[in-house]
Amino acid sequence: MRYDLVIFDNDGVLVDSEPISNTLLAGYLTELGHPTSYEDSLRDYMGSAMHRVHDLVEERTGQRLPADFDDVFHARVFAAFRAELEAVPGVEDVLKRLVAAGVPYCVASSGSHERIRVGHRKTGLDAWFRDENVFSSEDVGRGKPAPDLFLHAAARMGVEPGRCVVVEDSRLGVQAGMDVYGFTAMTPEEKLAGARGFFRRMDELPMILGM
């Protein structure tokens, strides 16, 4: 294999959370007087940390979201995750292949540590990800598209950035540097411009990575 570390995005790559969270985000913003469709939410916020939601709303409207916005939103999302979240089909087989090949891997997500853990416990991915290979935008000053999170993950895992590959499904993640392969199950290739390559099903990833 030509990489020494595989860095996975979480939402939309490991867990099939984007339809759930963006439906709820669009609904909540609309409820607060900022009309937002599901498509708007995917375009503007998919793959981003929560501060981007606050920043864009204030930039566009001059209004700040309520102080408890994050808490209310996360409570709704976590309740939905516990009821219906599933792992992305085929992702456990990919993780098994990485373990068998002795290739280190981790997750680097724009979501909070709590969001990651709630999703992993529901889907069983907590068996594959422990504290030492779970990284969140909470751990760094700036989320994607800044490269800080990926660089932090590489440093903590003891691998040079140039020896890392990122598996992403969002435009912001592709813009954050490193070699990236775009997962196009939900995101068209043209929105992941800059990725080294693309794949639509998880069972395609091992071959792409040279496993």
Side-chain angles (χ1 to χ4, degrees), residues 1-15 17-18 21 42 44-56 70 74 88 91 94-95 97-99 101-120 125-126 128-187 189 191-199 202 205-206 208-211:
M1 183 175 171
R2 57 185 178 272
Y3 298 104
D4 296 332
L5 176 67
V6 180
I7 303 176
F8 289 95
D9 178 37
N10 187 57
D11 292 294
V13 171
L14 296 177
V15 295
S17 55
E18 295 293 7
S21 58
L42 289 177
D44 294 339
Y45 305 121
M46 182 173 165
S48 67
M50 287 302 294
H51 67 79
R52 178 176 170 84
V53 182
H54 290 264
D55 292 346
L56 279 184
D70 290 10
H74 284 137
V88 168
V91 76
V94 173
L95 297 173
R97 294 277 293 272
L98 290 171
V99 170
V103 178
Y105 63 89
C106 66
V107 57
S109 173
S110 293
S112 66
H113 279 284
E114 185 179 10
R115 179 188 175 109
I116 297 167
R117 285 307 187 197
V118 168
H120 285 191
L125 291 180
D126 56 340
W128 299 93
F129 292 92
R130 307 294 184 180
D131 289 347
E132 59 267 21
N133 65 341
V134 174
F135 306 104
S136 161
S137 61
E138 291 180 322
D139 303 330
V140 295
R142 298 179 299 169
K144 307 168 191 178
D148 303 36
L149 177 56
F150 292 150
L151 294 175
H152 171 72
R156 288 290 301 274
M157 297 294 291
V159 178
E160 290 295 321
R163 299 297 304 161
C164 299
V165 62
V166 176
V167 182
E168 262 285 357
D169 72 331
S170 77
R171 174 179 55 85
L172 296 178
V174 171
Q175 292 174 343
M178 290 193 182
D179 280 0
V180 176
Y181 284 94
F183 184 42
T184 62
M186 277 191 61
T187 309
E189 287 187 16
K191 293 189 177 181
L192 298 174
R196 289 183 62 87
F198 308 94
F199 65 105
M202 272 295 159
L205 183 58
I208 289 173
L209 296 181
M211 296 171 57

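Please read all numbers here as calculations on a predicted model, not as lab measurements.
Counting heavy-atom neighbours within 6.0 Å of Arg156 CZ, excluding the residue itself, gives a total of 12 or less. Around the CD atom of Glu132, the shell of radius 6.0 Å holds more than 12 heavy atoms that belong to other residues, nucleotides or ligands.
Screening Leu98, Leu125, Val88, Asn133 for a side chain to side chain contact (heavy atoms under 4.5 Å, CB included) involving Phe8 leaves a single residue, Leu98.
Annotation: the span from Leu149 atom CG to Arg142 atom CZ amounts to 11.5 Å, rounded to 0.5 Å. Here the CE atom belonging to Met46 is positioned 11.0 Å from the OG atom belonging to Ser110, to the nearest 0.5 angstrom. For the atom pair CE (Met211) and CG (Leu205), the distance works out to 7.5 Å, reported to the nearest 0.5 Å. Considering CD1 of Ile116 and OG of Ser137, their distance stands at 8.0 Å, rounded to 0.5 Å.
Although no hydrogens or angles enter the test, the distance criterion places a donor-acceptor pair under 3.5 Å between the side chain of His74 and the main chain of Asp70. Put simply, the side chain of Ser136 gets close to the backbone of Gly111: a donor and an acceptor are under 3.5 Å apart. Panel note: side chain Arg52, backbone Asp44; a donor-acceptor pair is recorded below 3.5 Å. Formation of a donor-acceptor pair under 3.5 Å by the Thr184 side chain with backbone atoms of Phe199 is found in this model. Of the possible donor and acceptor atoms, one in the side chain of Glu138 sits under 3.5 Å from a partner among the backbone N and O of His113.
The side-chain heavy atoms of His120 and Asn10, taken from C-beta on, include a pair separated by under 4.5 Å. Proximity of Phe135 to Val140: side-chain heavy atoms (C-beta onward) are nowhere separated by under 4.5 Å. The shortest side-chain heavy-atom distance between Ser170 and Thr187 does not fall under the 4.5 Å cut-off. A 4.5 Å side-chain heavy-atom check between Met157 and Ile7 finds every atom pair outside the cut-off. When side chains are defined from C-beta on, Tyr3 does not count as touching Val159, because their heavy atoms never get closer than 4.5 Å. A 4.5 Å side-chain heavy-atom check between Asp169 and Glu18 finds at least one atom pair inside the cut-off.
The shortest heavy-atom contact between Ile208 and Arg2 is O-NH2, 2.8 Å. Taking both residues in full, the closest heavy atoms of Ala153 and Leu5 are given as O-CD2, 4.5 Å, listed atom of the first, atom of the second, then distance. Closest approach of Gly12 to Ser17, counting heavy atoms only: N-OG, 3.8 Å.
Partners of Arg163 by salt bridge (charged side-chain N to carboxylate O under 4.0 Å, His left out), not counting sequence neighbours, listed by chain and number: Asp4. With sequence neighbours excluded, the residues that form a salt bridge (charged side-chain N to carboxylate O under 4.0 Å, His left out) with Arg117 are Asp131.
Ring pair Tyr181/Phe198: centre-to-centre distance not below 6.0 Å. Residues Phe129 and Tyr105 bring their aromatic ring centres within 6.0 Å.
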Tell me, with the steps shown, if Leu42 and Met186 meet side-chain contact (heavy atoms from CB on, under 4.5 Å).
-> CA-CA 10 Å; Leu42 289 177; Met186 277 191 61; 3.9 Å; yes
